[in-house]
Amino acid sequence: LLDHPNIRLLTEHNVEEAAYDSESRQWRVRTPHGTLSGSHIVFCTGAGSLHAPITRQFSLQIIRGQTSIAPATEDSRALKTALSAASYISPAWQGRHCFGATFAPNNPDTAWQAEDERHNRQALSQLNEPLYHSLSAAWGDESSLHPTERGHAALRCDSPDHLPIVGALGDIAAMQTAYAKLALDKNYRLDNVPCPYLPNAYINTAHGTRGLATAPVCAAAIAADILGLPQPLSQRLRTALHPN
């Protein structure tokens, strides 16, 4: 998807500062490797939202998660759909199953842990005992797994209401001034007070455990906003997901 003439991927360009230049009508993004500019900016920063410019002002949390992998067996290859309850396992892909995953709120560690591997194996035994017995016959000890036999550990980003945060970004400092009376009375009626938005700035984050399903359609909603296209999301959903 990234192999496109209109896309330029720059890795290891950590954003140190992002600010809008009103004279040029461009966003300036400062990184250790130089400054980038563009007419629009979309923060798709995941767990990095807690530390990125502008997005760090949101009430977000990180949730560490670790998956496990196991070589497929003759029996397990019969699995054709993902099984999901308190844990999950996916059908075999390239001869291996992925299953898990752990939840550790406010834990920033992304190193693989044997304890989490044990947790995932126990959860699989409760999810589907026949599959567990089929796969566990070839398992080694959790602590001695070769790195190529280990799953993946990473950080999820979650919001207070567990919904993604998607849409145009308001200027939080300006909003605190414009809507100051709401801090004293949450039922205060606001009349003709337009929201002070940041120019051409959007966010698409806090997808928790379901980002593979929800992030793309949310990206399409932001693209529709920018380009004036029909919205893929209902107004009710757009309101529920809105950063404000």
- Message: For L127 and Y132: C-alpha separation, side-chain torsions, deciding distance, then whether side-chain contact (heavy atoms from CB on, under 4.5 Å) applies.
- Response: CA-CA 8 Å; L127 175 67; Y132 168 78; over 6 Å; no
- Message: For R64 and Q66: C-alpha separation, side-chain torsions, deciding distance, then whether side-chain hydrogen bond (donor to acceptor under 3.5 Å, both in side chains) applies.
- Response: CA-CA 7 Å; R64 170 192 157 83; Q66 181 173 305; 2.7 Å; yes
- Query: Would R189 and D191 satisfy salt bridge (Lys or Arg N to Asp or Glu O under 4.0 Å), going step by step from the backbone distance to the final call?
  - Reply: CA-CA 6 Å; R189 183 175 180 85; D191 293 312; 3.3 Å; yes
- Task: Verify side-chain contact (heavy atoms from CB on, under 4.5 Å) between T31 and N14, making sure each step is shown before the conclusion.
- Result: CA-CA 6 Å; T31 79; N14 293 328; over 6 Å; no
- Do Y197 and D171 pass the side-chain contact (heavy atoms from CB on, under 4.5 Å) test, and can you show the C-alpha distance, the side-chain angles, and the key distance before you say yes or no? CA-CA 5 Å; Y197 282 101; D171 184 329; over 6 Å; no
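Contact detail for P91 and L79: the closest heavy-atom pair is CB-O, 3.4 Å. Contact between Q231 and A221 at its shortest, heavy atoms only, is NE2-O, 2.8 Å. The two residues L155 and P108 come nearest to each other via the heavy atoms CD1-O, 3.8 Å.
Of the listed residues (T205, N204, T209), just one forms a side chain to side chain donor-acceptor pair (under 3.5 Å) with H207, and that residue is N204.
Side-chain contact annotation: S90 with H97, donor-acceptor N/O pair under 3.5 Å absent. Side chains of S159 and D161: a donor-acceptor N/O pair is present below 3.5 angstrom, by distance only.
The number of heavy-atom neighbours closer than 6.0 Å to CD of E16, taken from other residues, nucleotides and ligands shown, is above 12. Around CD of E74, the count of heavy atoms belonging to other residues, nucleotides or ligands within 6.0 Å does not exceed 12. Around the CG atom of N192, the shell of radius 6.0 Å holds no more than 12 heavy atoms that belong to other residues, nucleotides or ligands.
Y88 OH to C98 SG: the interatomic distance, rounded to the nearest 0.5 Å, is 4.0 Å. To the nearest 0.5 Å, atoms CG (L241) and CD1 (I165) are separated by 9.5 Å.
I41 places none of its side-chain heavy atoms less than 4.5 Å from the side chain of Y202.
Note on D116 versus R118: no salt bridge recorded, every NZ/NE/NH1/NH2 to OD/OE distance being 4.0 Å or above.
Taking the centre and axis of the six-membered ring of F103, the NZ or CZ atom of R156 falls inside the cone set by 45° and 6.0 Å.
The backbone N or O of I54 lies less than 3.5 Å from a partner atom in the side chain of Q57, making a donor-acceptor pair.
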